[in-house]
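Working notes, beginning with the structure itself.
Below, read A as the first sequence line, B as the second, and so on, with proteins coming before strands; counting in each chain starts at 1. Because the structure is predicted, anything quoted here is derived from the model rather than measured. All values below were derived from every heavy atom in this structure, side-chain atoms included, with hydrogens, water molecules and symmetry-related copies excluded.
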There are 2 protein chains.
Amino acid sequence: MTARSHGQEVVPKFRGPATTAPLGVELSERETPVHPDTRRRAPAAHVTLDAVAREAGVSLATASRALNGTARVRDDLRGRVRAAADLLGYIPNAHAQALASPEGNRTVGLICHDVGDPYFAGIAGGVMRAAAEQDLLVMLASTFREPAREIAYVSMLRAQRARAILLIGSGFQDRAWERAMDAELEPYVRAGGRVAVVSRHRSMRVDTVQPENRAGAAALAASLVALGHREFAVLSGPPELTTVADRLAGFREGLARAGITLERVVRGAFTREGGHAAARQLLASGGSRPTCVFAVTDVMAVGALAALREAGVRVPEDMSLAGFDDIPVVREVSPPLTTVALPLTEMGEQVIALALRTPSGAGRSRVLRIEGNVVLRGSTGAPPGS
Amino acid sequence: MTARSHGQEVVPKFRGPATTAPLGVELSERETPVHPDTRRRAPAAHVTLDAVAREAGVSLATASRALNGTARVRDDLRGRVRAAADLLGYIPNAHAQALASPEGNRTVGLICHDVGDPYFAGIAGGVMRAAAEQDLLVMLASTFREPAREIAYVSMLRAQRARAILLIGSGFQDRAWERAMDAELEPYVRAGGRVAVVSRHRSMRVDTVQPENRAGAAALAASLVALGHREFAVLSGPPELTTVADRLAGFREGLARAGITLERVVRGAFTREGGHAAARQLLASGGSRPTCVFAVTDVMAVGALAALREAGVRVPEDMSLAGFDDIPVVREVSPPLTTVALPLTEMGEQVIALALRTPSGAGRSRVLRIEGNVVLRGSTGAPPGS
DNA sequence: ACCTTACCAGAAAGCGCTTTCTGAAAGCGC
DNA sequence: GCGCTTTCAGAAAGCGCTTTCTGGTAAGGT
């Protein structure tokens, strides 16, 4: 046997070309030396509580009580059990515990569209931090914006008997999917499951962390008007999402208070590229050019900023640009983007706190309204001709 | 009872002030109407397979086989079982399944420092996508860079009997913690557990996805030299991390090939702020100013770019700046950053694939080397006086 | 000294499922 | 038509743990 051979092979499947150039990948093998003093015991599949009890010379029940502190156990016995447990390297089987105990397990489920999106990453960070403090494990599910996957995940999380299911982000355009989701969630909630959502208007009443999209956008509009702008355009997302609808409506409202009508709304996907494309479309369309553009999310605004730069439009000299959310990247671009700041981390902490407080089905659900703050940065200024 | 009251109260605890300004938060309640046609059955704690079997008039065993397709079941019986299952809204108990079946459960554990960091988010995205394809649930653990938490998570994931444990990112400076980690991991691996890591040099031999930090940094150095630079500085991270050490060594190596000695190395934390502080420190220190700066990660480079701008240093006219990793934000800043691109998503996909292939303890571990590509962007140019 | 009370260890009954094992019924060749 | 294999449903044995329930022993009251 050529066990020592340092075989090398090119990895067979490598999905998709690299972002910028083909990249080499190389696979090599190496032997695993067995650490001498770790060879204490035969590596039985898993050390069970039974083995620990036997080693300590006590009963299964006593071992369980000693390890969990569920009931008084004589000190010497407890000592023996503890010693046996770490001699054997005992790790309890969470599945068995979950099955045997009415307490269930210590996990929560978090469903979002894409962990890669900074908006979700921010909220997820808050959830993770809060979960860590309570010794909860988070099962993360990325739907990649496919409704079917979202529903599948709810049912997987139900199967896992997660303590709570958290949904982050706007629902889907398709009402049919929303209905299917409700059908999936409803029995869960009725059976005592906890559900909480961020920014999602649902037919089912569940605990909600709801950014004040409308008020935030209205306040932003007011600030923009105060800078002297009169001609606006909005880079909008899928109009069926309440987040989009609310921000758009709020912006309109804010303008209306100043007697201004919103001239143009361009629709785009909810991504950087969507914002980029929408901005290009706006520039390509004829008519008088707006002096100020509001993109309904920062992610879109970042794309729009790139598009404006590519088109030679200076921000804010030729055109002002504002977003919504205050994701970290907006401070790094130049000019930094004016936006409506949402406390993403706190929202994450709040949504899990909300979910864990009491069962969702307890007759009433809570709505935690989060106010956004207009943050004026370099991307907005006085309109060109002033 | 004033069940209809729309009680409002300010949420009691709200950790930390908002990022930019105090924000109002408002809590309100609302009643949950019971949807009429969903009231089919009493919401027993959970529908069990036993109930399904009884409803279908078959035995437990048959119900199990019918639902899982583990063995042939007469068509009519299978039909009855399926019908009963979704009439009752049966969801299998994953814990019971995991306990009863040698297959174990369908979850993997992913441990990283911080989901909020774009580098991790990128890799995590790849892991999530691959996991989704295989119907695996990912248990995400953020250590927030606390070694104790990392070890605690390994043991939680062991308890959950995760199919694999994935560790992303460099290990800790403190050798004692590394040893503790190994002690935690070792019995797991010996018991057939699968472990794979990204970018982590460990005493224990586990499957590894290893970016070619050294070669990448050397190639970057060569490109920079080719632009005409002769005086360099490096914004480095904690030197105990192999990632840092390798990139630094590689960069030195690349320079050495051109007969250039690295003038200055400034150490900073592995964050945006670390990069910012390191850049300030570099500017503050006397002596001749380097014409080109390499930050060992893009996150640090982004911070450095901000610091340079604040100090009135033009990039790349006065000073060139380059990073490593190619996280999304480096394309959005201006000028966009030159960097060594790593295929983060693919790395995530590969690490989970590696872990799932065969048990880690099978005598040999594999190392998948990932080559980075130098991507020249606007942040680098010819040195000032040329 | 006798009986009650308190304390605590062990036996055993599940938790909800998978999977052998057993056996009944049906299909086949002779 | 008889024994053979084949097909497939049901009984039952766990998986590893928690948690009653039971019972033995020591302490306290009279």
*asked:* By nearest heavy atom, map Ser64(B) and Ser101(A) onto DNA chain C; which one lands nearer the 5' end?
replied: Ser101(A)
*Starting at the 5' end of DNA chain C and moving along, which residue's nearest nucleotide shows up first, Ala100(A) or Glu103(B)?*
Ala100(A)
Is any side-chain heavy atom of [X] closer than 4.5 Å to a side-chain heavy atom of [Y]?
{"X": "Val58(B)", "Y": "Val73(B)", "value": "no"}
{"X": "Gln97(B)", "Y": "Asn93(B)", "value": "no"}
{"X": "Val206(B)", "Y": "Leu185(B)", "value": "no"}
{"X": "Thr143(A)", "Y": "Ile111(A)", "value": "yes"}

Length of the [atom1]-[atom2] vector between [X] and [N], whole Å:
{"X": "Asn105(B)", "N": "dT18(C)", "atom1": "CG", "atom2": "C1'", "answer": "15 Å"}
{"X": "Arg78(A)", "N": "dC7(C)", "atom1": "CZ", "atom2": "P", "answer": "16 Å"}
{"X": "Asn68(A)", "N": "dT18(D)", "atom1": "CG", "atom2": "P", "answer": "5 Å"}
{"X": "Leu49(A)", "N": "dG14(C)", "atom1": "CG", "atom2": "C1'", "answer": "16 Å"}
{"X": "Arg54(A)", "N": "dG10(C)", "atom1": "CZ", "atom2": "P", "answer": "14 Å"}
{"X": "Ile91(B)", "N": "dC17(C)", "atom1": "CD1", "atom2": "C1'", "answer": "15 Å"}
{"X": "Asp50(A)", "N": "dT18(D)", "atom1": "CG", "atom2": "P", "answer": "13 Å"}
{"X": "Leu77(A)", "N": "dC7(C)", "atom1": "CG", "atom2": "C1'", "answer": "13 Å"}

*Using the ring of each side chain (for Trp, its six-membered ring), is Phe120(A) parallel, tilted or perpendicular to His113(A), with breaks at 30° and 60°?*
perpendicular
Hey, does the side chain of [X] come within less than 4.0 Å of [N]'s phosphate (OP1/OP2), counting only N and O?
{"X": "Arg74(B)", "N": "dC8(D)", "result": "no"}
{"X": "Thr62(A)", "N": "dG10(C)", "result": "yes"}
{"X": "Arg72(A)", "N": "dC8(C)", "result": "yes"}

From the set [options], return the single nucleotide nearest to any side-chain atom of [X].
{"X": "Thr48(A)", "options": "dG16(D), dA9(C), dG16(C)", "answer": "dG16(D)"}
{"X": "Gln97(A)", "options": "dT18(D), dT18(C), dT19(D)", "answer": "dT18(D)"}
{"X": "Val58(A)", "options": "dG10(C), dG10(D), dT18(D)", "answer": "dG10(C)"}
{"X": "Ser59(A)", "options": "dA11(C), dA9(D), dT19(D)", "answer": "dA11(C)"}

*Asn105(A) and Thr107(A): side chain to side chain donor-acceptor pair (under 3.5 Å), yes or no, with the steps?*
CA-CA 6 Å; Asn105(A) 63 4; Thr107(A) 61; 3.2 Å; yes
*With a cut-off of under 6.0 Å to the ring centre and 45° to the axis, is Arg149(B) in cation-pi contact with Phe144(B)?*
no
*asked:* Return whichever of Val73(B) or Leu99(B) has its heavy-atom-nearest nucleotide of DNA chain D closer to the 5' end.
replied: Val73(B)
Could you go over nucleotides 20-23 of chain C and give all protein N or O partners under 3.5 Å, atom names and distances?
| residue | atom | partner | partner atom | Å |
| --- | --- | --- | --- | --- |
| dT20(C) | O4 | Arg65(B) | NH1 | 3.3 |

*Counting N and O atoms only, with roles assigned by atom type, does the side chain of Asp207(B) sit under 3.5 Å from a partner on the main chain of Ser365(B), one being a donor and the other an acceptor?*
no
*Represent DNA chain C in dot-bracket notation, 5' to 3'. Only Watson-Crick or G-U wobble pairs with both distances under 3.5 Å count; pseudoknot-style crossings use [ ] and interstrand partners use |.*
||||||||||||||||||||||||||||||
